[in-house]
Number of protein chains: 2
Amino acid sequence: MDGPTFREKSVLHSVPDIDTSEALTERQKAVLDAALRLLVEEGDQLTMTAVARRASCSKETLYKWFGDRDGLLTATVQWQASKVRVAPVDGKGLDLASLTASLERFASDWLKVISSDTSIALNRVAVSHAGSGKDNLGAVVLENGRFALAKRLKPVLEAGRRTGLLDFADAETAFRTFFGLVARDVQIRLLLGDRLELTEAAIGGDAARATQQFLALHGAKPGRKASDS
Amino acid sequence: MDGPTFREKSVLHSVPDIDTSEALTERQKAVLDAALRLLVEEGDQLTMTAVARRASCSKETLYKWFGDRDGLLTATVQWQASKVRVAPVDGKGLDLASLTASLERFASDWLKVISSDTSIALNRVAVSHAGSGKDNLGAVVLENGRFALAKRLKPVLEAGRRTGLLDFADAETAFRTFFGLVARDVQIRLLLGDRLELTEAAIGGDAARATQQFLALHGAKPGRKASDS
DNA sequence: GGCAAGCCGTACCGTACGTTACGGTTCGGC
DNA sequence: GCCGAACCGTAACGTACGGTACGGCTTGCC
């Protein structure tokens, strides 16, 4: 059987939620992993020849499976996206400590993601792609990055509001505030080639700081200050 | 006389402060404007032939003036950067109203910049470039964007701290918080091809919100000493 | 006028790379 | 053992584009 062909021209934001990249042979996954590794190492100029050589497959096979270069790129990005899908957080019994921990966890995870070589490479190629007419890759990356994060975080925020720990009018706006406090200038600096290695400790500190700032802005407790707790 | 050649391989962050792109003929500026327009319209695949045709000049001239394609790109980016250089804000008599107005102004200006077609196109090409070995463009964009903003905003923040209106330990950290509150997810979404047109009104609202949030975090509230933190 | 410099337009060259074609090999089904 | 399908490796093709060369035109200077 031959795999899917990945040629649908999906409009932005039309990716349903769970996408279609699951009918993949083990061999195909291996090929995509090779392409991914090459993408991280070499940047956008991964050539079909290079992928074929790295994956020890023929170019004919690449074209049969993925249609053309864009199809291969899209499949690679979706394959990576399918690997990082995580279990949603359950709205269990919530107190300030667990809410803080959840937020810090989200912040820390997100910082780790956007500072990883893989994410940087993928975002770079998607940004380039978005500049060149066809918007597919940018939509995929956005959907599996920023929008997936929102979808996982918003239930936590709303649970916090229900239990009276948080106070905000619009969950989307609150999420974007949190996003800004966490990411700040990190992603754009990394994409533009700034060194800026985030150590584990720095990420932890930033996650805690962002969480405290968010709680200072949207925590419901009256009379609180950002520095205590 | 022939202009500069733009071939220096400057290391990241080594751009002094005011760069060298001022010895330009009117004709050269016109050519760079044409390249800039083409970059905005066509994305990264502006070819030397296209620039020559658009600018009504010969390719030979392009190569003589700018060395090679990268030189042209770099000159174009620096040319655009030199156009947006603004007068620094003076640390005049500062009260809460004028500080708030200044911050809102910075926020609004910055949102306008990063949502402009020109900025998006320039950042896209710089991000692509940063992925392909040579980091020059990314450094230039960073230096004239995010770092230039910091250099202009920090004196305002520090003046606010001196007059007791603001309370923060590190100006750099405070700036990055402000940056995050203003930009949030806007830039990455635009770079990845998300529509998201910011109207004048929306920008104004966002600037005011970000400013209020920043003041909530770092404003010296009555009943709180400027020295604790 | 004569001359040199700068520049335009265009033709040209070399190469990289996407895409296709094809011979050879492996493997499952009969 | 035989057949066809899938696939590997490699060669070949077409094109787009970076870079160069050159003839002709304008301009300023003597």
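We name chains A, B, ... by the order of the sequence lines, and we start the count at 1 in each one. Values reported hereafter were calculated over all heavy atoms of this structure, with side chains retained and with hydrogens, waters and symmetry mates removed.
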Of the listed nucleotides [options], the one nearest the side chain of [X]:
X	options	value
A:M48	C:dC7, D:dC8, C:dG18	C:dG18
A:K59	C:dC8, D:dG9, D:dA11	D:dA11
B:R27	C:dC8, D:dA6, D:dC17	C:dC8

Q. Does A:R184 have any side chain to side chain donor-acceptor pair (under 3.5 Å) partners at least two apart in sequence or in another chain, and if so, which?
A. A:D206
Q) Going by heavy atoms in the side chains, are A:V51 and A:F66 under 4.5 Å from each other? A) no
Q.
Would you say that A:H218 contacts A:F178 through its side chain, given a criterion of any heavy-atom pair below 4.5 Å between the two side chains?
A. no
Nearest-Å distance, [atom1] ([X]) to [atom2] ([N])?
X	N	atom1	atom2	result
B:Q28	C:dC8	CD	P	11 Å
A:L46	C:dA16	CG	C1'	14 Å
B:L62	D:dT20	CG	C1'	13 Å
A:D70	C:dC17	CG	P	16 Å
A:R53	C:dC17	CZ	P	10 Å
B:Q45	D:dG18	CD	C1'	15 Å
B:W65	D:dG19	CH2	C1'	18 Å

(Q) Within the supplied structure, the quantity of interest is the number of heavy atoms (other residues, nucleotides, ligands) at a distance under 6.0 Å from A:R105 CZ; does it exceed 12? (A) no
Q. Is the shortest side-chain N/O distance from B:T49 to OP1 or OP2 of D:dC17 below 4.0 Å?
A. no
Q.
On the side chain of B:E60, is there an atom forming a donor-acceptor pair with the base of D:dC22 - under 3.5 Å, no angle test?
A. yes
Q) So which one's nearest nucleotide on DNA chain D is more toward 5', B:Y63 or A:S58? A) A:S58
